[in-house]
Trainee: 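Below are the structure tokens for one structure; questions will follow.
Both backbone and side-chain heavy atoms feed into the values below; hydrogens, waters and symmetry mates do not.
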Amino acid sequence: MINSKTTEYYHASYGMSLNYLSEYISNKAQQDRRLNCIIISFLLAMFIFTFVFSKPIFAHSDIEKIDTNSPPIHQKINFEQNIKNKYQKAYITFPAKGIAHIKKTKYVNNKPIKINIVEINTKINKNLSIKPQIASSKLNNKRTIRKIAQQENAIVAINGGYFKPQTGVPLGALMIDRNVLTGPIFNRVGIAIFDDGEDISFKMDNINFDIMAYTKSKAVKIDNINQPRMLSTYTLMYTPIWGKFSPPAPKYGYNMLVVGNKITKISANAIEFLPNSVVISAPKAVIVGLAKNNKEIYIDIKLQESLSGANHIIGAGPYLVKDGQIYVDYKEEKLTAISGKNPRSAIGYKNDGSFMIVTIDGREHASVGMTLYELARFMKEIGCEYAMNFDGGSSSALYVDGKIANSAHNKEGIAISNALIVSEENSVQISSL
């Protein structure tokens with residue numbers, strides 16, 4: 001507030017008009033308005049300066065792009081700091097360079113959901129490998145996630161695609177090290193992993209294999225490889241990884257044993273595999289047509305163009321996120337039975353190469369699980385531009401750094417057919433059974 005001594009000061013020093021100053025002094029309301037304007041203008045200027053020139057105040061805004069040309073120690077620090085900024089109020093560990101494990105609880109409609117997230121950045125750790133893995137050397141076997149992880153010396157492992165509970169045979173596309181083990185079912189989605197030894201990249205698409213059998217006089221489309229028969233009219237192919245024997249031929253059909261491109265045996269019964277052999281199982285007319293006047297047969301397996309050159313493929317479904325948008329096609333993939341609230345397993349990735357693995361605990365008081373749409377929203381929320389659902393329910397299990405990280409069924413999870421594992425070359429993981 002300005003007092004009478006102020007008037008004398010201005011009169012002596014600057015020769016101001018006393019009449020004008022006296023009028024201003026006598027008008028207290030005018031002084032208060034002007035003082036308020038000055039204070040507001042000052043505060044507004046300070047806020048603008050802070051907003052423009054300081055770091056952003058939002059939780060995700062501190063995430064910086066990691067410069068892969070910077071020294072490794074700086075890449076590691078940036079990766080870890082970005083994770084901490086992204087997942088505030090979460091429990092975070094770093095099992096290896098380029099791998100973060102996040103545990104958090106999310107509330108949906110005031111109900112708790114316990115979540116485990118593993119984020120992987122292979123660009124700052126070139127020694128990391130991501131690939132599918134089966135439980136044993138044959139398809140008709142099952143093991144717990146811990147045993148699969150330990151036999152492969154994995155840092156992280158999550159249960160993979162669907163499988164037949166009675167036998168353990170994967171129900172869906174599976175390719176490891178460019179060797180096709182099983183074919184797709186119902187054109188369900190899968191992820192292809194490309195690894196040139198320097199960089200790992202990913203592609204998600206509905207899986208379709210083109211399998212043909214050729215003789216001199218005939219070409220026959222093979223409907224699937226190492227999958228249970230759905231229709232007696234299908235022509236299927238089985239390889240030694242199926243087991244010791246092929247399945248029996250379909251009703252009124254035959255099995256054909258091919259060893260090194262040579263047709264060696266035809267039978268209606270199961271056939272024992274030999275080294276370098278396949279069995280074609282089909283209706284009688286198909287087998288007779290292939291064998292007639294032919295002693296040699298050639299099998300050709302082609303991937304769809306979008307997946308050409310992939311090292312590994314694992315299928316499950318449905319889609320959760322596609323092109324950055326929520327996309328849940330469980331009806332098209334014939335997966336309506338799993339649409340309710342359940343324990344979940346899922347994977348996703350960003351186009352910059354970041355890879356996410358997620359499990360959702362469910363069917364318990366402390367965690368109610370998620371629907372497919374809730375899971376899709378969460379995968380998009382953590383930044384996935386593409387995401388897909390894995391086998392869930394009692395199969396859902398996550399292994400991280402020697403421990404089962406989620407609330408798996410029976411603590412260890414059930415025995416499963418296949419998994420997706422993350423390992424590090426030249427690393428030694430020691431875990432207690």
Side-chain angles (χ1 to χ4, degrees), residues 134-142 161-176 178-188 190 207-304 313 315 334 417-418:
I134 58 175
S136 185
S137 59
K138 302 293 183 183
L139 295 176
N140 57 349
N141 279 290
K142 297 180 291 182
Y162 305 105
F163 60 94
K164 195 168 184 178
Q166 300 87 339
T167 62
V169 173
L171 297 175
L174 193 60
M175 184 176 81
I176 302 175
R178 302 195 177 187
N179 180 27
V180 175
L181 306 186
T182 56
I185 292 179
F186 302 127
N187 199 35
R188 287 175 180 165
I207 308 298
N208 179 36
F209 294 163
D210 185 14
I211 311 173
M212 296 293 297
Y214 295 98
T215 66
K216 285 183 179 180
S217 59
K218 199 169 184 67
V220 171
K221 177 177 174 57
I222 296 177
D223 296 295
N224 219 323
I225 177 171
N226 289 332
Q227 290 289 3
R229 181 175 294 280
M230 295 183 183
L231 295 175
S232 61
T233 55
Y234 280 0
T235 297
L236 302 177
M237 184 174 74
Y238 296 92
T239 67
I241 201 170
W242 173 268
K244 186 175 180 181
F245 292 89
S246 74
K251 190 175 183 179
Y252 308 122
Y254 287 113
N255 285 337
M256 171 191 287
L257 179 65
V258 180
V259 182
N261 300 325
K262 303 288 186 182
I263 300 172
T264 62
K265 185 178 181 178
I266 294 176
S267 173
N269 301 317
I271 295 179
E272 184 176 3
F273 288 103
L274 299 176
N276 194 29
S277 68
V278 301
V279 170
I280 297 175
S281 183
K284 178 180 178 180
V286 174
I287 297 298
V288 170
L290 286 171
K292 187 176 181 180
N293 300 323
N294 294 294
K295 293 183 179 180
E296 294 187 347
I297 186 169
Y298 296 89
I299 309 297
D300 182 46
I301 303 176
K302 289 182 180 178
L303 305 182
Q304 64 216 68
I313 294 173
K334 296 180 172 53
S417 158
N418 61 93

Trainee: Tell me every residue that passes side-chain hydrogen bond (donor to acceptor under 3.5 Å, both in side chains) with Arg178, counting only those two or more places apart in sequence or in another chain.
Mentor: none
Trainee: According to side-chain hydrogen bond (donor to acceptor under 3.5 Å, both in side chains), who are the partners of Thr215, at least two apart in sequence or on a separate chain?
Mentor: Asn294
Trainee: Give me the atom names and distance for the closest heavy-atom approach of Pro184 to Asn224.
Mentor: O-ND2, 2.8 Å
Trainee: Looking at CG of Leu139 and CG of Leu181, how far apart are the two atoms once the value is rounded to the nearest 0.5 Å?
Mentor: 6.0 Å
Trainee: Taking atom OH of Tyr214 and atom CG of Asp300, what is their separation to the nearest 0.5 Å?
Mentor: 5.5 Å
Trainee: Could you check Leu303 against Ile313 for side-chain contact (heavy atoms from CB on, under 4.5 Å), going step by step and ending with a plain yes or no?
Mentor: CA-CA 10 Å; Leu303 305 182; Ile313 294 173; 4.1 Å; yes
Trainee: With salt bridge (Lys or Arg N to Asp or Glu O under 4.0 Å) as the rule and sequence neighbours excluded, what pairs involving residues 258-278 come up?
Mentor: Lys262-Glu296
Trainee: Using modelled atom types only, decide if a donor and an acceptor are shared between the side chain of Lys142 and the backbone of Pro165 within a distance under 3.5 Å.
Mentor: yes
Trainee: Apply side-chain contact (heavy atoms from CB on, under 4.5 Å) to Met230 and Ile185, showing your working.
Mentor: CA-CA 10 Å; Met230 295 183 183; Ile185 292 179; 3.6 Å; yes
Trainee: With rounding to the nearest 0.5 angstrom, report the OG to CE distance, Ser281 to Met256.
Mentor: 11.0 Å
Trainee: For the atom pair OH (Tyr254) and CG (Asn269), what is the distance rounded to the nearest 0.5 Å?
Mentor: 10.5 Å
Trainee: Quick one: list whatever passes side-chain hydrogen bond (donor to acceptor under 3.5 Å, both in side chains) with Tyr162, sequence neighbours left out.
Mentor: Asn389
Trainee: Look up atom CG in Asn293 and atom CG in Leu290, then write down how far apart they are to the nearest 0.5 Å.
Mentor: 12.0 Å
Trainee: Could you tell me whether the side chain of Val220 reaches within less than 4.5 Å of the side chain of Ile280, counting heavy atoms only?
Mentor: no
Trainee: Using modelled atom types only, decide if a donor and an acceptor are shared between the side chain of Arg188 and the backbone of Lys334 within a distance under 3.5 Å.
Mentor: yes
Trainee: Do any N or O atoms from the side chain of Asn255 and from the backbone of Pro247 form a donor-acceptor pair under 3.5 angstrom?
Mentor: yes
Trainee: Under the 3.5 angstrom rule, does the side chain of Thr182 hit a backbone N or O of Gly172 as a donor-acceptor pair?
Mentor: yes
Trainee: Considering non-hydrogen atoms only, spot the tightest contact between Asn418 and Pro170 and give its length.
Mentor: ND2-CB, 4.0 Å
Trainee: Would a distance-only check, ignoring hydrogens and angles, find a side-chain to backbone donor-acceptor pair under 3.5 Å from Asp210 to Gln304?
Mentor: no
Trainee: Which heavy-atom pair separates Ser417 from Gly168 by the least distance, and what is that distance?
Mentor: OG-O, 2.6 Å
Trainee: Are more than 12 heavy atoms, taken from residues, nucleotides or ligands other than Lys216, located less than 6.0 Å from that residue's NZ atom?
Mentor: no
Trainee: Identify every side-chain donor-acceptor pair in residues 231-245 under 3.5 Å, counting partners at least two apart or on other chains, and give the distances.
Mentor:
unit_1 : atom_1 : unit_2 : atom_2 : d
Tyr238 : OH     : Gln227 : O      : 2.8
Thr239 : OG1    : Asn226 : ND2    : 2.9

Trainee: Grab the two heavy atoms, one from Ser246 and one from Ala270, that are nearest each other, plus how far apart they are.
Mentor: O-CB, 3.0 Å
Trainee: Who pairs with Val259 by side chain to side chain contact (heavy atoms under 4.5 Å, CB included), at least two apart in sequence or on another chain?
Mentor: Leu257, Thr264, Leu274, Ser277
Trainee: For the residue pair Ala291 and Ile263, what are the closest heavy atoms and their distance?
Mentor: CA-CD1, 4.1 Å
Trainee: Measure the spacing between CD1 of Ile287 and OG of Ser267 and express it to the nearest 0.5 Å.
Mentor: 11.0 Å
Trainee: Does Lys138 NZ have over 12 foreign heavy atoms under 6.0 Å away?
Mentor: yes
